[in-house]
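A quick write-up on the structure given underneath.
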Amino acid sequence: MKKILYILIIFYPWSVSAIEKTKEEKVAKYIIENIQKDYVACYSFYKVGAESFKKAGKEKNIIESLEKSADVTLKFNHDLGEVLGLKPAAMAKKTKREVEKFTKIAKEDFASLVKKYGLMCKNLVENQTQRIDYWEKKGNKKIK
């Protein structure tokens, strides 16, 4: 969480693309872009999961937990999108498309959705540092 706050503090006053010069700045942008995409995916996962559980008549506390996680990921999605200079309408459109994609997958094979996103999204909500470290390592390998 400290790293993401650090990254946000560095880039918030300016457009990220305007100041990316050093490798560290490029890696920081790469991290923010990918974490923002993770938040879109996790919002979609939690939203679709909550709806699926509602339809299945599952326990209310499970549904509330999924909806709370969806709210958290949506907020971070928009916060990071703002840092990246994305327009709210564009973010909403992308999020809507992702929810539709996840809904289709869930109807066909909900278990595969859980297998692919369950643990990653849980960790992203509970401990963002782990995912930031993941993207930082990938960014350092990719960006020269």
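Fair warning: this is a prediction, and the values are worked out from it, not measured in the lab.
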If you round to the nearest 0.5 Å, how far is [atom2] of [Y] from [atom1] of [X]?
X	Y	atom1	atom2	answer
Asn34	Leu80	CG	CG	11.0 Å
Gln128	Asn123	CD	CG	10.5 Å
Asp38	Ile31	CG	CD1	11.5 Å
Phe53	Ile62	CZ	CD1	6.0 Å

For this session: Please name all residues satisfying ring pair (Phe, Tyr, Trp, His ring centres under 6.0 Å) with Phe102, sequence neighbours left out, ordered by chain then number.
Result: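 With sequence neighbours excluded, Phe102 shows a ring pair (Phe, Tyr, Trp, His ring centres under 6.0 Å) to Tyr117, given in chain and number order.
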For this session: Any side chain to side chain donor-acceptor pair (under 3.5 Å) involving residues 59-69? Give me the pairs, sequence neighbours left out, ordered by first then second residue.
Result: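 Only Lys54-Glu67 qualify under side chain to side chain donor-acceptor pair (under 3.5 Å).
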Seminar exercise, completed: Contacts satisfying side chain to side chain donor-acceptor pair (under 3.5 Å) that involve residues 104-114 (not counting sequence neighbours) are Asp109-Ser112
With [X] via side-chain contact (heavy atoms from CB on, under 4.5 Å) - residues at least two apart:
X	result
Glu33	Lys29, Leu84
Glu100	Lys96
Asp71	none

Which pairs count as disulfide (SG to SG under 2.5 Å) when at least one residue sits in [range], sequence neighbours excluded?
range	result
residues 45-89	none
residues 93-144	Cys42-Cys121
residues 53-114	none

Problem set entry | side chain to side chain contact (heavy atoms under 4.5 Å, CB included) between Asn127 and Gln130, worked out | CA-CA 6 Å; Asn127 182 7; Gln130 180 181 3; 4.2 Å; yes
For this session: Dump the intermediate steps for side chain to side chain contact (heavy atoms under 4.5 Å, CB included) on Thr22 and Lys26, then the final yes or no.
Result: CA-CA 6 Å; Thr22 67; Lys26 290 177 182 179; over 6 Å; no
Exercise. Quick one: do Val40 and Leu66 end up in the same hydrophobic cluster if we chain Ile, Leu, Val, Met, Phe, Trp and Tyr together by side-chain heavy atoms under 4.5 Å apart?
Worked result: no
Exercise. Do Ile35 and Val27 share a hydrophobic cluster, counting only Ile, Leu, Val, Met, Phe, Trp and Tyr and linking them when any side-chain heavy atoms are less than 4.5 Å apart?
Worked result: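 Cluster IDs for Ile35 and Val27 match.
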When the side chains of residues 137-144 are checked against the rest of the protein, which donor-acceptor pairs come out under 3.5 Å, sequence neighbours left out?
{"from": "Asn140", "atom 1": "ND2", "to": "Glu136", "atom 2": "O", "distance (Å)": "3.2"}
{"from": "Lys144", "atom 1": "NZ", "to": "Lys141", "atom 2": "O", "distance (Å)": "3.1"}

Problem set entry | Non-hydrogen atoms of Gly81 and Gln36 that approach each other most closely |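 Where Gly81 meets Gln36 most closely, the heavy atoms are N-CG, 3.7 Å.
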For this session: Work out which heavy atom in Tyr43 is nearest to a heavy atom in Ala70; give both atom names and the distance.
Result: CD1-O, 3.1 Å
For this session: Applying salt bridge (Lys or Arg N to Asp or Glu O under 4.0 Å), name anything that partners Lys37, two or more places apart in sequence or on another chain.
Result: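 None.
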Under a 4.5 Å cut-off applied to non-hydrogen side-chain atoms, are [X] and [Y] in contact?
X	Y	result
Lys94	Leu86	no
Tyr46	Leu74	no
Thr73	Phe45	no

Problem set entry | side chain to side chain donor-acceptor pair (under 3.5 Å) partners of Lys75, counting only residues at least two apart | Asp79
